[in-house]
Amino acid sequence: MTCAVELRRRGARVCVVTADEPARTTSWLAAAVWYPVGIGGSERALTFAQESFDVFADQAERGVPGVRMIGTRMLHRRPLPADPWWSTAVPGFATEDADDPFTGTWRFSVPMVEVPTYLPWLHAQALELGVEVRNTKLASLAELTDHARVVVNATGLASRTLCGDTTVQPVRGQVIRASNPGLAVSVRDEHNPGGHTYVHPRRHDVIIGGTFEPGKTDTTPDPGTAKALWARATELVPELRRARVLEHHAGLRPARVDGPRVELDRHLIPGRTVVHNYGHGGAGITLSWGSARATADLIAQASSCATV
Ligand SMILES: Cc1cc2nc3c(=O)[nH]c(=O)nc-3n(C[C@H](O)[C@H](O)[C@H](O)COP(=O)(O)OP(=O)(O)OC[C@H]3O[C@@H](n4cnc5c(N)ncnc54)[C@H](O)[C@@H]3O)c2cc1C
């Protein structure tokens, strides 16, 4: 949907073809905090992350529904590493001491996107700009041949079958949604001996995560995992003991060994240009605006008279 808005703003005629309602996409489940991890530290990844950070920070300032900045405390248990590659994109990134058992803290403020509020807003923006949306499940991208000269493939994990890319793999993530007992700061404890732990407060609830289970495809929440997550989270943030568990979810991050694939493909559909934009793993929201711009740039380069 981000690509559709970006392309329409640049003057293309755009039709989004989607198999699922927004609430049934992976994006709906995301926490979704700006945090470019698990995608390598390339120049390109940094550009996507930086551009998206700037767009979301501006949206937060303009009061776009569902977007705001959130303070984060990232706790370390190992000797404090050098500042991460993405810290240059984050104004005010700072390092602080921490109490035992932690060795130090990274403090930073980043955009947080409440997808169930933001995605309907983005959808409405697209419609207002004149983007057409069709609900259809495609068996093949070639079904679009008669309708468009350029196809943007933003199908996430479905790219495994739709373009035969077996390097895109599910990384299962289970989370708990709980009521917010008054929390305002995100806390991350990635080297917790029990497993990766984060607590992301939103306006009316808190997302508690999360697992990273490569290759697993079952999206039914596991009760044992939920119990362990809750125990780790309440130890990390004791105020959570006053919260009520609202829901359990599990989703599949579309991860790719080489990071997101944002590139031109002239071979997949004979006579048509395909621009891929998938494989963003656990950072699809974090990279969304940057990769949408790169997608639109590729289309502009491929054909100065492209009609999408
Ligand atoms: C638990 C969890 C926590 C996360 N937390 C964060 C976070 O904090 N920050 C962050 O940046 N990211 C986070 N992510 C990752 C993020 O959710 C994904 O990277 C992102 O949602 C991927 O977006 P996408 O648009 O590529 O894929 P999707 O959201 O899966 O969308 C794919 C689209 O393609 C359509 N489609 C698929 N197949 C077909 C077909 N055959 N025909 C027609 N349409 C089709 C679908 O209907 C859908 O509209 C998290 C993910 C999980 C699971």
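Computed from heavy atoms alone, side chains included, the values below leave out hydrogens, waters and symmetry copies.
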Legend entry - Pi-cation contact, F102 with R73 (under 6.0 Å, within 45°):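 Pair R73/F102 does not count as cation-pi.
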
Legend entry - F212 six-ring face occupied by R172 cation (under 6.0 Å, within 45°):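 No, R172 does not lie over the aromatic ring of F212.
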
Closest heavy-atom contact between [X] and [Y]?
X: L157; Y: P170; result: CD1-N, 3.6 Å
X: G66; Y: T117; result: N-CG2, 3.6 Å
X: P181; Y: V206; result: CD-CG2, 4.1 Å
X: R202; Y: P116; result: NH1-CD, 3.9 Å
X: G251; Y: L29; result: CA-CD1, 3.4 Å
X: A45; Y: G40; result: CB-O, 4.1 Å

If you round to the nearest 0.5 Å, how far is [atom2] of [Y] from [atom1] of [X]?
X: I299; Y: L7; atom1: CD1; atom2: CG; answer: 4.5 Å
X: N153; Y: R261; atom1: CG; atom2: CZ; answer: 8.0 Å
X: H147; Y: E132; atom1: NE2; atom2: CD; answer: 10.0 Å
X: T220; Y: H248; atom1: OG1; atom2: NE2; answer: 13.0 Å
X: F56; Y: W289; atom1: CZ; atom2: CH2; answer: 7.5 Å
X: D146; Y: L144; atom1: CG; atom2: CG; answer: 9.5 Å

Between [Y] and [X], is there a side-chain heavy-atom distance shorter than 4.5 Å?
X: W85; Y: S42; value: no
X: P193; Y: R77; value: yes
X: R293; Y: E6; value: yes
X: M1; Y: H123; value: yes
X: C15; Y: V131; value: no
X: Y278; Y: P254; value: no
X: L246; Y: R244; value: yes
X: D265; Y: V275; value: no

Inset, instruction - Please determine which of F108, F53, F48 meets the ring-ring contact (aromatic ring centres under 6.0 Å, His included) test together with W86. - result: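 That would be F108.
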
Has the side chain of [X] got a donor or acceptor atom that lies under 3.5 Å from a matching backbone atom of [Y]?
X: Q301; Y: L298; value: no
X: Q174; Y: G210; value: no
X: S179; Y: A243; value: no
X: R160; Y: V168; value: yes
X: T18; Y: N135; value: no
X: E114; Y: R203; value: yes
X: E61; Y: A57; value: no
X: T72; Y: M74; value: no

Legend entry - Residues in side-chain contact (heavy atoms from CB on, under 4.5 Å) contact with P81, at least two apart in sequence or another chain: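 Result, side-chain contact (heavy atoms from CB on, under 4.5 Å) vs P81: H76, W106.
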
Please tabulate, for side-chain N and O atoms in residues 232-241, each donor-acceptor pair with protein atoms closer than 3.5 Å (sequence neighbours left out).
from, atom 1, to, atom 2, distance (Å)
R232, NE, G195, O, 3.1
R232, NE, T197, OG1, 2.8
R232, NH1, G194, O, 3.1
R232, NH2, H196, O, 2.9
T234, OG1, W230, O, 2.7
T234, OG1, A231, O, 3.2

Inset, instruction - Evaluate the side chain to side chain contact (heavy atoms under 4.5 Å, CB included) criterion for residues V113 and V33: first the C-alpha distance (whole Å), next the side-chain angles of each, then the deciding distance (0.1 Å), finally the verdict. - result: CA-CA 6 Å; V113 179; V33 184; over 6 Å; no

Legend entry - Verdict with supporting geometry, V90 and S109, side chain to side chain contact (heavy atoms under 4.5 Å, CB included): CA-CA 7 Å; V90 181; S109 186; 5.9 Å; no

Inset, instruction - Assess whether atom CD of E43 is packed by more than 12 heavy atoms of other residues, nucleotides or ligands within 6.0 Å. - result: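 No.
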
Inset, instruction - Determine whether more than 12 heavy atoms belonging to other residues, nucleotides or ligands lie under 6.0 Å from atom CZ of R78. - result: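 Result for CZ/R78: open.
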
Legend entry - Basic-acidic side-chain contact under 4.0 Å: D297, R10: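 Between R10 and D297 there is a salt bridge, with a charged N closer than 4.0 Å to a carboxylate O.
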
Inset, instruction - Before accepting this row, confirm whether a basic side-chain N of the pair D20/K137 lies closer than 4.0 Å to the acidic partner's carboxylate O. - result: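 No, this pair does not count.
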
Connected via hydrophobic side-chain network under 4.5 Å: [X] and [Y]:
X: L119; Y: L287; value: yes
X: V185; Y: V110; value: no
X: V175; Y: V37; value: no
X: V55; Y: M112; value: yes
X: I208; Y: L183; value: yes

In terms of side-chain heavy atoms, does [X] have a donor or acceptor partner in [Y] at a distance below 3.5 Å?
X: H280; Y: S291; result: yes
X: N277; Y: T295; result: yes
X: R188; Y: Y198; result: no

Inset, instruction - Applying side chain to side chain contact (heavy atoms under 4.5 Å, CB included), run through L141 and L268 and close with a yes or a no. - result: CA-CA 9 Å; L141 294 177; L268 189 67; 3.7 Å; yes

Inset, instruction - Please report the C-alpha distance between R253 and T26 in whole Å, then the side-chain angles of each, then the deciding distance to 0.1 Å, and finally whether the side-chain hydrogen bond (donor to acceptor under 3.5 Å, both in side chains) criterion is met. - result: CA-CA 7 Å; R253 303 174 182 91; T26 311; over 6 Å; no

Inset, instruction - Begin from the C-alpha positions of H276 and S159 and carry the test side chain to side chain contact (heavy atoms under 4.5 Å, CB included) through to its verdict. - result: CA-CA 9 Å; H276 297 290; S159 295; 5.7 Å; no

Inset, instruction - Applying side-chain hydrogen bond (donor to acceptor under 3.5 Å, both in side chains), name anything that partners E51, two or more places apart in sequence or on another chain. - result: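 By the side-chain hydrogen bond (donor to acceptor under 3.5 Å, both in side chains) rule, E51 matches no residue at all.
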
